[in-house]
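Worksheet for the structure shown next.
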Amino acid sequence: MITVRLVQSARRNQTAGWALLGAGALLALMLPWLVYPPIAVDILAWALFAMSIDILFGYAGMLSFGHAAFWGVSAYATGLAAIELGVPFPLAILVGAVSAALVAVPIGLVAVRTHGIYFTMVTLAFAQLIYYIANRWSSLTGGENGLQGIPRDFVGLEWSDPFVYYHAALLIVAIGFWVAWRSVNSPTGQVLVALRANPARVRALGFSVERYRVFAFVLSAFLAGIAGGVYAIGHRMVTLQDLYWTTSGEGIAMAVLGGTATLFGSIVGAALLVLLEDFLATSGIEATGSVTGAVFVLILLFFRGGIWGAVSAALARLRGTSQDDVLERPPPTGPAVPPSNAAEEATTQGSDVK
Amino acid sequence: MSVVIRVSSMPTWGRTVLELRHVSAGYGEATVLHEVSLQVGQGDVVTLIGRNGAGKSTLLRSIMGLHPISSGSIKFLGRDITRLRPHRRARMGLGWVQDDRGIYSSLTVEENLRLPRVIGANAWAEERLFGTFPVLGQRRRQMAGSLSGGEQQMLALARVLRMGADVVLCDEPTEGLAPVIVDQIAEILREVASSGATILLVEQNLRFATTVAHKHFLIAEGHIVDHLDNSDVIARENDLLAHLGI
Amino acid sequence: GGGPTALGDDQAISNGKLTLAVVTDMSGTYSALTGKGSLEAVKMAVDDYQEKYGSDAVAQEIEVLSADHQNEPDIANTKARELFDRQGADAIFDVPSSAAALAVADLAEEFQRIYINVAAGSTDLTGSACNEYTYHWAYDTEMLARGSAATLTQRGEKNWYIVYPDYQFGQDMTAAFTTHIEANGGKVLGTDATPFPNDNFAASMTKALEIKPDVIATMAAGSDLTNFVKQYNEFGLAEAGIELAVGAMFDTDVESIGATQMSGTLYTTDWFWNQDDEAREWADDFKARLDVRPTAVHAGDYSAATQYLEAVQRAGTDDADAVAEELDGHEFEDMFARNARVRSEDHRMIHDSYLTVVKEAKDVQEAFDYTELVETIPADEAFGPPSSSCDLG
Amino acid sequence: MTTFLQASLNGLVSGGFYALLAIGLAVIYGMLRVANFAHGAVYMLGAFGAVILYDMFGTPFWAALVVVPVVIAAGGVVVERTLIRRLVPLDPVYNFLLTFGLALIIQDLVRLNYGVVGQPYAKPAALEGRINFGPLEYPTYQFVVLIASIALTCGVWLALNKTKVGMVVRAATERPSLTEAFGVNVNVWMIPVFAFGVALAALAGVMAAPMRSVNSAMGADIVIILFAVIIIGGMGSVLGAVLAAYLVGFLQELAQMYVPAAAGATTFILMAVVLAVRPSGLLGRQEAAR
Amino acid sequence: MLRTERLVKEFRGFRAVGGKDGVDLAVREGETHALVGPNGAGKTTLFNLLSGALAPSSGRIYLREREVTGLPAHTIARLGVARSFQVSSVFDDRTVRSHVDLTLLAHSSLRTRFLTSVRSLGAFAERTTEVLELVGLGHLGDRRAGDLAYGQKRALELAMVVAADPAVLLLDEPTAGMGTEDIERTIDLIQRIKGGRTIVLVEHNMKVVGMLADTVSVLQAGELIASGTYSDVRSDPRVVDAYLGAHRA
Ligand SMILES: Nc1ncnc2c1ncn2[C@@H]1O[C@H](COP(=O)(O)OP(=O)(O)OP(=O)(O)O)[C@@H](O)[C@H]1O
Ligand SMILES: Nc1ncnc2c1ncn2[C@@H]1O[C@H](COP(=O)(O)OP(=O)(O)OP(=O)(O)O)[C@@H](O)[C@H]1O
Ligand SMILES: [Mg+2]
Ligand SMILES: [Mg+2]
């Protein structure tokens with residue numbers, strides 16, 4: 001009886017999933033008719049960026065406040081590749097994303113040694129360092145003026161139309177979404193989620209905790225890099241703003257608003273905040289900070305699962321079933337106090353830990 | 001569970017210090033304690049016996065005020081404490097040893113010991129504690145989280161002794177202790193009782209239970225199903241094991 | 001340029017109305033300097049134009065749009081694009097911060113519409129990044145350096161010490177100052193790069209006291225400038241005989257530090273509200289609308305919008321090429337710009353600038369009455385020659 | 001040599017100021033496990049408090065020094081009770097994000113009311129001028145701030161180590177219900193500690209008003225440095241935070257003196273190096289690193 | 001099978017394991033070796049050293065005569081040493097099955113696949129079912145681990161250890177906190193899963209030790225003071241004195 005219901009609900013969930021995906025794809029294709037195309041491009045880029053943060057925070061439990069570094073490094077690398085080497089933009093974006101991943105390796109190696117709020121601040125510190133370097137190295141980065149007029153060439157087509165570019169960006173970002181979704185729902189993803197709950201246990205099972213953490217970090221940086229590259233080509237410019245910590249904050253806000261550990265919530269969060277920012281720019285409302293801040297506070301206090309979490313919980317309640325699709329995910333609230341073995345982890349983490 | 005013996009009024013041994021009337025409690029929708037009533041007299045050493053998940057710890061937490069009860073009332077020293085905050089109950093003379101030891105890992109051993117409020121005249125002085133548990137004395141400046149499992153258990157007990165509570169609620173104080181220490185703990189509990197304090201003990205180790213306590217409540221699935229004295233327990237040991245899985 | 005054409009109004013003006021847009025910082029660092037005031041200044045220019053020409057106006061219907069870029073260049077980029085692309089903006093004004101200004105300049109070229117920069121100081125806009133549709137109306141780093149560095153050195157302040165925030169603007173200013181100091185026989189005894197933002201200048205003060213220059217120049221702006229001046233006074237540099245010159249300063253800065261602390265500070269500006277009756281009259285209008293005194297940027301926006309509208313009037317159309325042709329080489333005089341000419345080579349609008357000093361506190365009559373003229377720098381000397389990296393013919 | 005001495009003194013003063021700001025943050029995190037991103041905003045409110053009191057009532061600096069921290073701490077307690085408390089059982093990053101949102105709101109509200117331009121605030125006349133130390137001369141006010149900071153730091157350290165406060169509050173944070181069961185009224189201990197941490201930030205703000213630009217963004221960037229400071233020191237440790245504050249102040253000043261190009265990055269380089277060697281900071285207790 | 005040579009672990013000068021000369025422990029292949037001793041004797045610390053969770057201050061550890069001193073925990077785990085934890089350490093929000101799947105994953109090449117579907121874990125289904133049947137959790141595979149009863153959690157803990165198919169099992173107080181009935185079930189379980197493996201067991205319950213152990217080693221203050229069969233050790237006066245207490249001898 002119970003099994004039957006589970007199977008049915010799984011099947012129903014699967015159909016629902018496909019339906020949702022189809023609707024999402026349709027919406028994505030129609031987006032540039034609904035909003036101004038450059039804004040649509042922004043939504044794509046920010047969505048992937050927020051998702052890259054969510055992979056780390058929502059699944060592996062590592063909140064990075066330094067993702068601006070990867071977004072920005074990739075944006076600059078993308079821009080330079082396009083300007084200086086004249087490579088077509090998809091390739092330039094790849095160059096950017098790879099650069100971001102490369103930068104993430106040493107940062108990751110240091111950062112994964114720390115946990116919780118320490119990790120958050122270490123990533124922030126490195127990002128600030130990169131910001132200073134970019135500012136100083138103005139011969140390369142254009143300093144405060146930034147890189148301007150990044151070309152958008154590819155197989156001789158007319159890409160300068162943001163409407164056309166949107167579709168190219170959609171393809172690239174969709175690949176990024178797919179990689180994110182796939183890796184979260186992969187064996188490795190399972191290890192990451194388990195690791196967040198109880199690292200000592202996972203280590204004793206035979207997984208190298210640090211290696212998984214670094215991997216997640218670099219993968220996330222790569223995705224953030226794709227996002228930064230798409231954004232740079234979209235705006236045809238890169239500025240120091242892209243490396244500043246507020247950029248990380250914005251990405252986190254989107255991930256949290258959409259719902260952490262939901263992946264696709266990031267898209268919702270990004271869309272809402274980009275549209276909100278766009279609206280505020282011409283609305284005459286000057287209280288931009290208050291609005292963003294209030295969004296943060298309300299979400300954290302009342303819908304810790306974010307919009308996606310709240311909606312899917314409501315749907316689940318309507319359908320009256322299925323804990324199975326929630327099961328393998330970490331709870332959106334994250335573990336309160338690290339569970340039972342934390343004490344053991346702490347002692348085994350002593351000064352003489354390898 | 002075959003028989004459920006409903007007990008409406010429990011016998012007392014001496015002046016009643018703690019009295020529970022029809023206490024029910026649960027987690028979310030699930031009720032874990034069903035109308036539990038019991039009385040404990042001054043100087044008694046009483047155990048609560050029941051298998052894992054029977055609700056023993058929940059009962060102790062409810063008495064301490066750390067778990068909300070959905071109905072019923074609790075009286076302590078003749079006063080209704082049902083609505084009292086935990087720290088007020090503690091100051092009236094209730095002490096509690098948590099089942100998972102409840103060690104403050106961010107405090108040293110010494111700080112762990114100094115934290116509780118000294119309440120009664122029977123409070124143990126620090127020297128006496130270190131005399132009884134010399135290993136804690138040796139480790140007084142160590143962070144308590146890095147103590148061995150058994151050392152943590154000793155610390156948990158030592159902390160409550162420092163309070164000098166009139167009634168000590170003790171949740172599995174012998175878990176993970178070496179046999180020689182278990183004997184020592186039995187000794188200590190007897191000593192505490194002889195100084196006039198009352199002990200309500202949760203214990204799975206029947207042998208230990210019978211060496212320290214005179215009376216035993218059997219609890220199963222949240223019901224108090226029986227109350228026995230030592231001779232009953234020893235006589236019915238096999239029966240108890242079979243039925244209750246203790 | 002050609003005179004008014006014989007076309008009827010409805011065809012001369014695209015979509016039947018003229019659209020001016022102000023892309024500015026309403027909520028970020030530059031919002032006091034630009035922001036609402038910039039928008040208001042452009043609206044005042046429109047009102048004055050309509051009053052002046054009445055039914056003769058080429059543009060009968062004029063709309064003023066604005067966008068708040070929150071001091072983020074990418075928002076500026078998107079908003080400016082949308083304004084040109086979707087909202088039919090014929091010209092964009094203001095745009096603080098050089099990254100944002102450069103982005104808008106790029107768009108002006110892409111969409112072939114007019115952009116008149118007022119708020120950003122980068123000379124790149126009339127140098128390597130110049131284009132046919134972009135104009136630079138008010139101060140730039142070169143102007144600020146010429147006014148303060150060249151003039152003061154000529155007046156005998158030979159030894160300089162320069163403290164600058166370590167980013168493009170600070171570096172550009174320092175380079176320009178150094179050039180003019182040395183060209184006039186002065187010497188830069190040292191420069192000191194500081195982080196940005198920064199609230200602690202103790203090290204710079206210590207070094208300056210050690211070196212004992214005639215002038216300490218700071219390129220800090222906004223709150224950094226406030227911190228710098230407070231510490232300049234605390235560490236007793238004034239008493240040690242070291243004068244203070246500020247690279248870029250506005251009345252708002254004086255207001256935030258207090259005239260007492262600032263008096264005697266030298267700086268260059270291309271306009272201040274009580275420089276003469278005409279300026280004062282306009283400033284009174286402005287105050288009546290927004291209850292504050294205008295900054296030089298606000299006045300610049302007014303002038304830019306006015307001259308743009310005049311050019312449209314002369315061209316008889318809002319077609320950007322025709323308007324640009326009217327603007328190029330145009331000589332004029334208005335409330336903001338004296339002895340003014342729009343250079344056709346690089347689209348730099350040159351006009352008189354002023355070396356000024358902050359009044360003694362006792363001479364201050366009312367709020368924002370802080371500035372006293374020291375010397376007028378004639379338009380031809382006030383700005384650098386056209387850059388070799390820009391040739392608009 | 002004099003330059004070096006002067007630079008050292010600069011470093012000390014700057015470190016002292018960081019220490020003043022960082023201890024509040026360290027106390028709140030170390031004892032209550034709240035990573036308060038709004039600490040910078042509170043600092044800014046402190047400075048504005050002084051300005052507003054002066055503008056409205058002509059309140060002198062010395063009175064502001066007392067009134068402002070008290071008022072702001074009271075506000076802090078309300079926020080703690082109504083908002084922050086709810087997230088305390090979760091991972092500290094949740095309160096970090098919540099206070100990040102609060103900081104945005106506070107800053108924005110101040111900006112909407114007072115604009116971005118700095119507010120003038122005069123130094124108390126008694127503290128004008130400079131003190132002479134043989135070859136060195138130092139602004140009196142800054143020197144007084146240093147002394148005040150040292151005194152406060154020592155006071156806090158004594159209060160936490162010579163009384164039960166530190167111990168009880170740490171215990172109450174780790175296991176609130178058990179601590180109640182030991183007869184400790186947890187709120188009686190925790191509320192004042194939170195209030196005290198907030199008050200320290202506000203106090204630093206009042207002290208900053210005469211010497212720093214008072215504007216809505218003044219706390220926005222400094223809070224990042226402060227987090228770096230308490231992380232270098234080890235987030236559980238108040239003593240570590242103070243040491244790190246002086247270390248950071250000192251290095252920044254020396255860098256500004258001898259390698260200005262690196263001055264802005266020193267703190268972050270220091271932090272990266274320290275954490276690479278000791279993941280829980282200089283004096284951090286191991287379990288704090290979790 | 002598992003051997004230590006002069007093994008020492010110090011915490012800030014305090015020697016938790018090692019005594020005077022370091023610990024020389026030898027565990028023969030296929031035996032069940034119980035480690036008993038007073039609280040704080042260093043048993044858990046020794047476990048931490050053997051499993052690589054802590055690095056020794058000095059001395060060496062050999063696994064099948066191969067030196068494993070200082071190797072990280074996950075490497076030692078993959079070499080065939082699996083440990084259980086003194087306090088149950090399950091993932092509350094995961095299903096029972098997925099605990100076993102995860103263990104199997106650690107020993108499979110799938111563990112580094114990040115672009116493969118989780119469904120690939122289906123490959124483990126059969127083995128997982130087998131392991132769960134073995135520990136008596138066969139019917140609870142889809143239950144959330146956090147909802148399990150105490151004894152069941154201990155069984156799951158064992159399932160994770162067994163699934164790895166380790167050569168050596170390190171079990172830290174597997175019956176702590178259990179009632180008599182659960183203890184008996186656990187003893188039974190350990191006997192069932194044993195099948196030729198080497199087991200090192202820490203226990204305070206002498207009944208359990210008596211029933212399971214081939215060899216008993218006694219640790220006191222970090223030092224190995226006795227080693228032998230259960231009955232030998234039980235009557236050793238030093239052991240009686242330090243550990244058992246007079247009246248139990
Ligand atoms: N936090 C909780 N949430 C939900 N259910 C709980 C919680 N804590 C305990 N329970 C359930 O309540 C019941 C009683 O638990 P309790 O801890 O009181 O049992 P116990 O008799 O102390 O068992 P043990 O001997 O294992 O300590 C159990 O079925 C348990 O699963
Ligand atoms: N990180 C540490 N720092 C300092 N001392 C420690 C640390 N970890 C353990 N110790 C000490 O080492 C000794 C051995 O501890 P261990 O946990 O190995 O004991 P055990 O034999 O397992 O005891 P039990 O039977 O009580 O679990 C204890 O006295 C403990 O206090
Ligand atoms: Mg229990
Ligand atoms: Mg142990």
Side-chain angles (χ1 to χ4, degrees), chain C residues 25-33 35-36 71 163-167 190-207 209-211 220 222-231 233-236 239-240 250-262 292 295, chain D residues 2-7 9-14 17-18 108 111-112 114-123 127-130 136-143 208 210-218 220-222 225 249 252-267:
Chain C
D25 177 8
M26 298 275 190
S27 45
T29 328
Y30 299 106
S31 53
L33 188 58
K36 275 197 275 250
N71 200 22
V163 183
Y164 64 97
D166 204 358
Y167 68 105
T191 61
D192 193 15
T194 60
F196 170 74
N198 185 27
D199 56 12
N200 185 353
F201 292 93
S204 307
M205 299 305 158
T206 304
K207 286 193 232 181
L209 283 168
E210 184 88 356
I211 296 176
S223 67
D224 283 18
L225 175 61
T226 311
N227 288 321
F228 188 93
V229 175
K230 284 189 173 184
Q231 286 161 41
N233 287 317
E234 274 194 320
F235 278 81
E239 285 139 67
F250 299 89
D251 289 344
T252 45
D253 296 316
V254 186
E255 174 76 8
S256 84
I257 309 169
T260 342
Q261 297 230 30
M262 286 301 281
V292 286
T295 64
Chain D
T2 332
T3 321
F4 180 77
L5 283 179
Q6 184 81 39
L9 193 53
N10 289 344
L12 212 57
V13 169
S14 148
F17 193 64
Y18 281 140
D108 204 49
R111 180 186 61 78
L112 288 172
Y114 296 92
V116 293
V117 172
Q119 306 289 318
Y121 191 78
K123 218 176 284 177
L127 301 181
E128 289 282 2
R130 287 173 298 284
L136 299 182
E137 225 190 18
Y138 218 80
T140 312
Y141 186 80
Q142 298 220 11
F143 195 75
M211 60 175 187
R212 302 275 156 101
S213 169
V214 180
N215 65 74
S216 59
M218 68 189 281
D221 284 286
I222 206 164
I225 301 271
Q252 274 185 354
E253 284 304 317
L254 288 190
Q256 186 61 48
M257 193 60 84
Y258 300 108
V259 260
T266 32
T267 314

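Every value quoted in this text rests on a predicted model; they were computed, and no experiment measured them. Labels below follow one simple rule: chain letters A, B, ... track the order of the sequence lines, proteins then strands, and each chain is numbered from 1.
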Task: Heavy-atom proximity to chain C below 4.5 Å, by part of Ile222(D) - done: side chain
Open item on the list: Just by distance, no angles: are the side chains of Tyr114(D) and Asn215(D) close enough, under 3.5 Å, to form a donor-acceptor pair?
Closed with: no
- [ ] Keeping the roles fixed (side chain from Arg111(D), backbone from Ser27(C)), state whether a donor-acceptor pair exists under 3.5 Å.
- [x] yes
Task: Residues forming a ring-ring contact (aromatic ring centres under 6.0 Å, His included) with Tyr258(D), sequence neighbours excluded - done: none
- [ ] Could you tell me which portion of Ala263(D) (side chain, backbone, both or neither) has an atom closer than 4.5 angstrom to a non-hydrogen atom of chain C?
- [x] both
Open item on the list: Below 4.5 Å, heavy-atom pairs only: which of Thr252(C), Asn200(C), Asp166(C) has the largest tally toward chain D?
Closed with: Asn200(C)
Task: Interatomic distance, Gln261(C) atom CD to Glu234(C) atom CD [nearest 0.5 angstrom] - done: 8.0 Å
TODO: Find the one option among Leu33(C), Asp199(C), Thr226(C) whose heavy-atom pairs under 4.5 Å with chain D are most numerous.
DONE: Asp199(C)
Task: Atom group of Gln256(D) that falls short of 4.5 Å from chain C, counting heavy atoms - done: both
Open item on the list: Need one label for Asn233(C): side chain, backbone, both or neither, based on atoms under 4.5 Å from any heavy atom in chain D.
Closed with: backbone
- [ ] Flag the pair Phe235(C) / Phe201(C) as yes when their ring centroid distance falls below 6.0 Å, and as no otherwise.
- [x] no
Task: Heavy atoms of other groups near Lys36(C) NZ, more than 12 under 6.0 Å - done: no
Open item on the list: Is Met26(C) close to chain D through its backbone or its side chain, or both, or neither, when contacts mean heavy atoms under 4.5 Å?
Closed with: backbone
Task: Contacts of Phe17(D) that satisfy ring-ring contact (aromatic ring centres under 6.0 Å, His included) - sequence neighbours left out - done: none
TODO: Would you mind telling me which of Gln252(D), Arg130(D), Met257(D) has the largest number of heavy-atom pairs within less than 4.5 Å of chain C?
DONE: Arg130(D)
Open item on the list: Counting heavy-atom pairs under 4.5 Å with chain C, which one of Ala208(D), Ala262(D), Pro210(D), Ala255(D) comes out on top?
Closed with: Pro210(D)
Open item on the list: Under a 4.5 Å cutoff for heavy-atom pairs, which residue among Pro195(C), Gly258(C), Pro197(C), Ser31(C) has the most contacts with chain D?
Closed with: Pro195(C)
- [ ] Determine whether the side chains of Asn71(C) and Thr29(C) contain a donor N or O and an acceptor N or O closer than 3.5 Å.
- [x] yes
Task: Structural part of Glu255(C) lying under 4.5 Å from a heavy atom of chain D - done: backbone
